[in-house]
Amino acid sequence: MAVREAEPVGSLNEVREAGLDRDDLLGVYRNMLITRGVEERGHILYRQGKIPGSFYTGRGNEGAAVGVATAMRTEDVGTPLHRDMGVHITRGVEPWRIFAQYMGRQDGPTHGRDGNVHMADQQLGLIAMVSHLPAMLPVAVGCALAFRIREEARVAVGWFGEGASARGDAHESMTLAGTRRLPMVFVCDNNQFAYSTPTQYEYATEHVADRAQAYGFEGVVVDGTDVLAVYREAKRAIEKARAGGGPTLIECLTLRMEGHAVHDDAFYVPKQMFEKWAESDPIESFRTWLRDNAEMTDEEEDDIAASVKKLLITSMERADESPQPDPATLTHGVYATPEDLDTPHHK
Amino acid sequence: MAVREAEPVGSLNEVREAGLDRDDLLGVYRNMLITRGVEERGHILYRQGKIPGSFYTGRGNEGAAVGVATAMRTEDVGTPLHRDMGVHITRGVEPWRIFAQYMGRQDGPTHGRDGNVHMADQQLGLIAMVSHLPAMLPVAVGCALAFRIREEARVAVGWFGEGASARGDAHESMTLAGTRRLPMVFVCDNNQFAYSTPTQYEYATEHVADRAQAYGFEGVVVDGTDVLAVYREAKRAIEKARAGGGPTLIECLTLRMEGHAVHDDAFYVPKQMFEKWAESDPIESFRTWLRDNAEMTDEEEDDIAASVKKLLITSMERADESPQPDPATLTHGVYATPEDLDTPHHK
Amino acid sequence: MAELTYLQAISDGLRTEMRRDKRVFLIGEDVGVYGGAFKVSLGFQEEFGPWRVIDAPLAETAIVGGATGAAIMGLRPVAEMQFADFISCAWDHLVTIAAKQRWRAGTPVPIVVRLPSGGGFSGGPFHSQNPESSFAHIPGLKCVCPSTPEDAKGLLISAIEDPNPVLYFEHKHLYRRIKGEVPEERYTTPIGKARTHQEGSDISVITWGAMVYTAEEAAQQLDADGVSVEIIDLRTVMPWDKAAVLESARKTSKVLVLHEDTRTGGFGAEIAASIAEEAFEDLDAPVKRIAAPDCPVPFSPVLEKAFIPQVDDVVGGLRELAAY
Amino acid sequence: MAELTYLQAISDGLRTEMRRDKRVFLIGEDVGVYGGAFKVSLGFQEEFGPWRVIDAPLAETAIVGGATGAAIMGLRPVAEMQFADFISCAWDHLVTIAAKQRWRAGTPVPIVVRLPSGGGFSGGPFHSQNPESSFAHIPGLKCVCPSTPEDAKGLLISAIEDPNPVLYFEHKHLYRRIKGEVPEERYTTPIGKARTHQEGSDISVITWGAMVYTAEEAAQQLDADGVSVEIIDLRTVMPWDKAAVLESARKTSKVLVLHEDTRTGGFGAEIAASIAEEAFEDLDAPVKRIAAPDCPVPFSPVLEKAFIPQVDDVVGGLRELAAY
Ligand SMILES: Cc1ncc(C[n+]2csc(CCOP(=O)(O)OP(=O)(O)O)c2C)c(N)n1
Ligand SMILES: Cc1ncc(C[n+]2csc(CCOP(=O)(O)OP(=O)(O)O)c2C)c(N)n1
Ligand SMILES: [Mg+2]
Ligand SMILES: [Mg+2]
C-alpha cells in the first residue's frame with residue numbers, strides 16, 4: 001500500500017518556512033529536555049517510594065510528542081496518552097503539578113484521584129486520558145465534530161499506540177472522521193511494542209498509516225525521533241484539517257526505550273533494537289542538529305540545561321509540599337453542578 | 001485503492017471447472033427460488049397477522065447468499081445475517097421450520113424465543129445471529145481460530161452489511177484474522193443502504209473491499225446478483241483459506257430491493273436505483289443464463305417452480321400446525337447443562 | 001395545553017430545546033432523512049440542517065464517544081440509540097469516560113443518550129430490553145424513565161440541561177399508546193423527584209416506565225377488594241427519590257417494588273434493600289419484588305406475556321401483601 | 001498438599017486443565033511470551049505452544065467474541081483480560097451473545113474470562129474495579145470470586161468445566177499476599193456453594209473476595225467484645241448460595257453484607273433484599289450493607305483507604321448491629 005514516508009528535515013531555512021524561528025527551536029529543545037527530565041525525576045521519586053501504584057514514561061517519544069504539540073495552535077485540542085508527556089509540557093502544564101499528580105497530591109490536576117499521565121489541563125485544550133486504549137480517539141473526533149458543527153477553524157488531535165490501533169474504537173473514530181471529513185489529526189505513537197506484544201500481532205500491514213486510505217484520507221509515516229520532521233508533518237496535517245481538507249493519520253515511528261512500565265525490564269525487546277534506536281535519541285539528534293544548523297552555542301546549551309534542571313528541582317520541592325488530598329472530599333463531584341459548566345468552553 | 005473487481009461468469013464449461021455440474025446448477029436455481037419464496041410467503045403471513053413483531057427479507061440478495069453457501073463444504077461453518085436466508089436454505093434448513101420461526105412457534109429453531117432469521121441449525125454448521133451488527137464476525141473468527149488451533153481443514157464464513165462495516169467489531173475481527181492468517185472468509189452484503197443511511201456515511205472508500213488491504217489480505221468486489229460469479233469468488237476464497245492462504249474479503253454488491261423491514265417504504269431510495277437494479281434480478285438473470293448456457297428446458301423450469309411451490313405450501317401448513325411454545329418453559333435453559341455439550345462439535 | 005402522545009411529547013421536548021439552544025444537536029443512526037426509527041425526529045433535519053441532525057455511521061462507540069467530545073467542547077449532544085439494546089456497544093464509553101470524567105478530571109460531560117426501551121410488541125431478545133439497572137449502578141450516570149407525556153417532555157428538557165451524562169429511557173410501548181395533556185411552553189421536570197401516580201393508604205407500589213400503567217390496573221382491582229394502593233412513579237431511577245419512597249413505605253407499611261427488567265440484581269433490589277434497611281421498624285410485611293424472570297426477553301407473544309409482569313401478577317402480589 | 005500463593009494456585013489450576021484437556025487454550029494480551037501481566041501463565045507458552053497460549057491483539061472484543069466462536073466449535077477457551085476493568089470493552093459480547101446464546105438458540109458457550117480485579121495498591125480508577133455486580137444481573141452468565149488459594153484452583157477448574165460463560169474474578173490484592181494449602185491433584189470447587197469462613201452465632205457477615213479477610217480481622221475485634229461473628233464467603237456471586245445465606249441469617253438474626261464494589265445497585269443489594277424478603281420474620285435488625293461509596297476508585301493511598309471498606313468500618317457496622 002502507498003503511504004508517504006516523510007523526509008527528514010533539512011536546513012534552518014526550511015524549518016523557518018514551516019513556521020519556527022530560532023527562538024522557537026530553542027524552546028522546542030527546552031520542552032524536550034523538560035519532558036525527559038520530568039520522567040527521569042519521576043523514576044527517582046518512584047524509587048524513593050513517593051509515587052504509589054505503577055509508573056510509565058515515554059522515553060524515546062519526546063520528539064514525537066513535542067513536535068506534534070508545537071504544531072498545534074492554542075485553540076486546537078488534543079487527547080495525549082501515556083507516552084506523550086511532551087504534549088502537556090509544550091502546552092504549558094507546569095512540572096510541579098505533574099510531580100504532584102505522580103505522587104497523588106492535592107495539587108495534581110486530578111487531586112490524587114487518578115495517577116500517572118491520566119490528567120490534563122482543559123484550559124490548555126487537553127482532555128485527560130482514561131486507561132482504556134484508544135478510547136480517547138472517539139472523544140477527540142467528537143471535539144472535531146463540534147468544531148465542524150460550529151464552523152470553527154479549530155482542529156482536534158488524537159493520539160493512539162500501534163497496539164491500540166487494533167481496537168474497534170480506532171476504527172469507528174476514523175470512520176466517522178473520514179466520512180464526515182472532520183478537522184481531525186490522528187497521531188499513532190508507533191513504538192513497536194504494545195506491552196510485550198510486537199507489531200505483527202497488532203496489524204498485518206507494513207505501516208499503521210497504511211490504514212488511512214481505508215478511511216478515505218492520507219497517511220504518512222515519519223521518523224518519530226526527528227522532532228522537526230514530526231513538526232512539519234503535523235503542521236501540514238493540522239492546517240490541512242483546519243482548511244477543510246479532512247483528517248490525516250501521522251505515524252511516528254520510534255522504539256519504546258524502557259519497559260512498558262517501571263516494573264518491566266523489556267526482556268522481550270532484542271538488545272540490538274535498543275542499541276540501534278539509542279543512536280537516534282530524539283534529544284541528542286536535535287541537539288546536534290541545532291549545533292550544526294542553528295549555531296546553538298555552548299553557552300545557550302548550558303543555559304537551557306541549567307534552567308531546566310532548576311525548574312525540575314524547584315518543581316519537585318513544590319510538589320512535595322503539596323498536601324495529601326482530604327479523604328472527606330472523596331465523593332465530592334461525582335456529579336457536575338450547573339456552575340461546573342460555566343467555563344470558556346461552555347459558553 | 002486496488003481491489004480486484006470480479007468478472008461476470010461466462011460459459012457452462014467455466015462453471016464446471018469451478019466445481020458445479022448441470023444438476024448442481026439446477027439445485028442452485030431451486031435454492032434461490034425457495035429463498036425468495038420463503039420470504040414472499042413470509043410477507044403474506046405477516047399481512048395475515050401471523051407473524052408477530054417486525055419482518056425482514058433479503059430480496060435482491062438471493063444470489064449472493066446462495067452463491068457463497070454453495071461454495072462452502074459441509075464441514076465449514078458460517079454466521080449468516082438477516083439478508084442471507086439463502087444460506088440457511090442451501091445448507092438444508094427445512095422451510096417449515098423457518099415459517100414456524102417466523103410465527104414464533106414451538107418448532108422453529110428457537111422455539112419462539114427469538115424471531116425472524118435470528119436462528120440457525122448448528123448441526124448444519126450455522127450459528128444463530130444476534131441483532132447487534134456485526135457482532136457475529138468476531139464469533140466467526142473464533143471458529144476459524146479453533147480450526148487453526150486444531151489444524152483442521154475447515155473454513156469459517158462471516159457475513160456483514162456495508163453499514164455494519166463501520167462498527168469496531170468488523171475491525172477487530174479482521175485484525176485478528178489478518179494477523180494470524182486464519183481460515184476465514186468475510187462476506188460483505190453491500191446492498192447500498194443501512195436502513196435509510198447511504199454508503200457515504202458508513203465508509204469513505206469506493207468499496208468496502210478496499211479495506212481488506214488494511215488488514216493484510218485480499219479484497220474482491222463481485223456483482224451480488226450474479227450467483228455464479230459470487231460462487232466462483234467464494235469458492236476461490238474458501239479454498240485459499242483452507243489451504244492456509246489466510247482470509248479474503250468478498251464484497252457482494254446488490255441493492256436492497258425492499259424497505260429495511262416490512263414497515264419501511266424506502267422512500268429515501270431513488271426510484272431510478274430500484275428500476276436499474278430490478279433489471280438485474282438475481283433469479284431472473286440466472287434463469288436466463290441457465291436457458292442460454294445450460295439449456296434449461298421449459299419442462300425443467302416448470303418442474304422446479306412447481307416443486308418449490310408445493311414445498312412452500314406444505315411447509316406453511318406444517319408450520320401452522322406447530323403449537324405455541326409453552327410459557328411454563330420460559331426460563332428453562334438459561335444455563336446449559338453438561339449434557340448440552342454432548343454434541344458432535346464438542347467431542 | 002395540547003393532548004400529545006408520549007412520542008409526540010418527546011419530539012416536542014427535543015424540538016423546544018433545539019430551537020432555544022443552538023448548542024443542542026442530535027446524532028444517531030437514521031435520525032436525519034428518515035426521522036429516526038420511531039420518527040421522533042421527523043422533520044428535524046429540514047428545520048435544523050444536516051449538522052444539527054446528524055445521520056451517524058452504524059457505530060455506537062463513535063456516536064457516544066463523539067457526543068462526549070462534543071459535549072466537552074461545549075455543545076449539548078443528544079445521541080439516539082436505535083434501540084436501547086444497542087447501548088451495550090457503547091457501554092465502555094459511558095462507564096469509563098462519561099461517568100468518571102467529572103470526578104476524575106473535573107470535566108463535566110453533559111450528554112443525553114436517548115434509549116427506546118422496553119417490550120410488549122414481540123421485539124424479541126434484542127429489541128425489548130430495559131437496561132436501566134445496569135447503568136444505575138455506575139456512579140456518575142443519571143437514568144430517567146418517564147411514564148407520562150408530560151414527564152417525557154419535562155424530563156428530556158431537564159436531561160439536556162443537566163451537566164451530567166443522562167440516559168433517557170423512552171418506553172416504546174408507551175410511544176403511541178399513551179396520550180396526555182402537555183404544556184406547550186418549555187418546562188422542566190426535576191431529575192430525582194418521584195411522582196405520586198395515585199395516593200393510597202394500604203400498600204405502596206414503587207415502579208416506573210410502562211409498569212406504572214400495569215400497577216394502575218392492578219390497583220383498580222385491589223380497590224374493589226377494599227385495599228387502597230399508592231403508586232409511586234419513580235420517574236428517575238438514578239438519582240432515585242428515596243425520601244418519597246420511604247415516606248410512602250412508612251405510611252402504608254407494605255411495599256411492592258415492580259419493574260420490567262429482570263429480577264436478580266435489578267434496580268428493584270436496591271430499592272427493596274434500602275426500604276428494608278431504613279424503614280425496618282415501619283414494615284408490616286417483607287418488601288416484595290415483582291419483575292421479569294431471569295432470562296432474555298422472548299419473541300413469541302405467549303412467552304412475552306409470561307415474561308413481562310402482567311396485571312394479574314401484580315394483583316397477586318398485592319393480595320399477598322394485603323393478606324400478610 | 002503444597003503451600004501456594006493465590007496466584008500460584010490459579011496458575012496451577014490452569015496448567016492442570018491445559019495438561020488434562022487439549023481443548024483448553026488461553027488467549028489474551030501478553031499472556032504468551034510475557035506470561036501475562038501478573039505472570040499467571042509464566043512458562044505456559046513454552047509448555048503448550050503458541051496456538052494454545054495466544055498473544056492476542058489489543059482487542060477485547062476479538063478476544064471475547066473469538067473465544068465464543070472457538071467454544072461453539074468445541075474448544076474450551078480461557079480468555080484473560082489484562083485488568084478486569086477492560087472487560088467493559090467486551091461487555092456487548094458477553095451480554096448479547098455469550099449470555100443469551102444457550103437460551104435463545106440452544107448453543108452453549110463454555111468460555112472462561114479471567115478478570116484480575118480489585119483495589120488496594122493505588123491502581124486508580126481503571127485498574128482497581130470490581131465489576132462483578134454488573135455481570136451478575138445478566139441472566140446466562142456466572143460469576144465466581146474465590147478468596148482462598150484452594151478455592152482459586154478449584155473454582156477455576158470448575159469454571160473451565162462448566163458449560164456456560166463464567167467470569168472468573170481473581171483479586172489482585174490476594175495474588176501474592178495470601179497463601180494456603182492447595183491439593184496437588186485435580187479437584188473442583190462447586191459453583192454456587194458458599195463456604196463458611198468462620199462459624200459464629202451473633203451476627204452473619206456475607207461477603208466474598210478480598211473482603212473475607214477484612215471481615216475476619218473485624219470479627220476478631222468483635223470477639224474481644226464478646227460478639228461471635230459468622231463469616232460466609234459466598235465464593236460464587238452468580239449463582240449465589242441463597243440457602244446458605246438464609247440459614248446463617250436465621251441462625252444469627254443479624255446480617256451485614258459486605259463488598260468492595262460500590263454500594264448503590266451493587267450485588268449486596270440483591271442479597272440484602274432477598275434476606276429481608278425471605279427471612280423477614282427472623283431478623284432482629286435491618287440487614288446492613290457496607291460497600292465502597294458511589295464514586296470511582298481513587299489513586300491516592302489516603303483516598304483509596306477511604307474508598308475500600310476497612311476493618312474499622314466493618315467493626316463499626318458490626319458493633320451497630322450488635323447493639324441493635
Ligand atoms: C482496552 C485496553 N486493554 C488493555 C489495556 C492494558 N494496556 C495498557 S498499555 C497496553 C499496551 C499498549 O500498547 P500501544 O497501544 O502500542 O501503546 P504503548 O504503551 O506501546 O505506547 C496495554 C495492553 C488497556 N490500557 N486498554
Ligand atoms: C449495533 C447495532 N446498531 C444498530 C442496529 C439497528 N439496525 C438494524 S439493521 C441496521 C442497518 C444495517 O445496515 P447494513 O449493515 O448495511 O445491513 P443491511 O440491513 O443493509 O443488510 C441497523 C442500523 C443493529 N442491528 N445493531
Ligand atoms: Mg506501542
Ligand atoms: Mg446495507
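These values consider heavy atoms only, across backbone and side chains, with no hydrogens, waters or symmetry-generated copies. To find a chain, count down the sequence lines: A is the first, B the second, and so on, and within it residues start at 1.
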Side chain to side chain contact (heavy atoms under 4.5 Å, CB included) between C:V64 and A:E172, intermediate numbers included: CA-CA 11 Å; C:V64 173; A:E172 297 197 13; over 6 Å; no
Between A:Y335 and C:M238, does a side chain to side chain contact (heavy atoms under 4.5 Å, CB included) hold up when you go through it step by step? CA-CA 11 Å; A:Y335 290 94; C:M238 182 51 58; 3.8 Å; yes
Please assess C:R102 against A:V334 for the test side chain to side chain contact (heavy atoms under 4.5 Å, CB included), listing each intermediate value before the final yes or no. CA-CA 6 Å; C:R102 167 65 190 82; A:V334 172; over 6 Å; no
Before you tell me yes or no, could you show the steps for C:M73 and A:I127 under side chain to side chain contact (heavy atoms under 4.5 Å, CB included), namely the whole-Å CA-CA distance, both residues' side-chain angles and the distance that decides it to 0.1 Å? CA-CA 10 Å; C:M73 288 300 103; A:I127 302 176; 4.2 Å; yes
Atom pairs and distances, side-chain donor-acceptor, residues 128-146 of chain A, under 3.5 Å, sequence neighbours left out:
from, atom 1, to, atom 2, distance (Å)
A:S131, OG, D:H127, ND1, 3.4
A:H132, NE2, D:D85, O, 3.0
A:H132, NE2, D:S88, OG, 3.1

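For chain A, the nearby part of C:P57 is the side chain; its heavy atoms alone come within less than 4.5 Å. Contacts between A:L330 and chain C at a heavy-atom distance below 4.5 Å involve backbone atoms as well as side-chain atoms. Interface remark: A:T337 contributes backbone atoms only to the contact with chain C (heavy atom separation under 4.5 Å). Interface remark: C:Q101 contributes side-chain atoms only to the contact with chain A (heavy atom separation under 4.5 Å). Heavy atoms closer than 4.5 Å to chain C are found in both the backbone and the side chain of A:H118. Heavy atoms of C:D21 lying under 4.5 Å from chain A are absent altogether. Interface residue C:K142: backbone and side-chain heavy atoms are both found under 4.5 Å from chain A.
Around the NZ atom of A:K240, the shell of radius 6.0 Å holds more than 12 heavy atoms that belong to other residues, nucleotides or ligands. By the neighbour-count criterion of 12 heavy atoms within 6.0 Å, atom CD of C:E278 is densely surrounded, having more than that number from other residues, nucleotides or ligands. Atom NZ of C:K22 sits in a sparse spot, with 12 or fewer heavy atoms from other residues, nucleotides or ligands closer than 6.0 Å.
Summarising the geometry, atom CG belonging to A:D340 is positioned 9.5 Å from atom OG1 belonging to C:T107; distances are rounded to the nearest 0.5 Å. The distance from atom CH2 of C:W51 to atom CD of A:E151, rounded to the nearest 0.5 Å, is 9.5 Å. Between A:R180 atom CZ and C:D55 atom CG the span is 6.5 Å, to the nearest 0.5 Å. To the nearest 0.5 Å, the span separating CG on A:D114 from CZ on C:R104 amounts to 5.0 Å.
Heavy-atom neighbours of chain C within the stretch residues 88-100 of chain A, taken at a separation under 4.5 angstrom, are nonexistent.
Here the closest non-hydrogen pair linking A:L341 and C:P110 is CD2-CG, 4.0 Å.
For the options C:P77, C:P239, C:G49, C:P139, heavy-atom pairs under 4.5 Å to chain A are most numerous at C:P139. Considering only heavy-atom pairs separated by less than 4.5 Å from chain C, the leading option among A:A156, A:G333, A:P338, A:G112 is A:G333. Top candidate by heavy-atom pairs under 4.5 Å with chain A, chosen from C:G140, C:P50, C:A67, is C:G140. For the set A:T110, A:T175, A:I149, A:L176, the entry with the most heavy-atom pairs within less than 4.5 Å of chain C is A:I149. For the options C:T68, C:L58, C:D162, C:I97, heavy-atom pairs under 4.5 Å to chain A are most numerous at C:I97.
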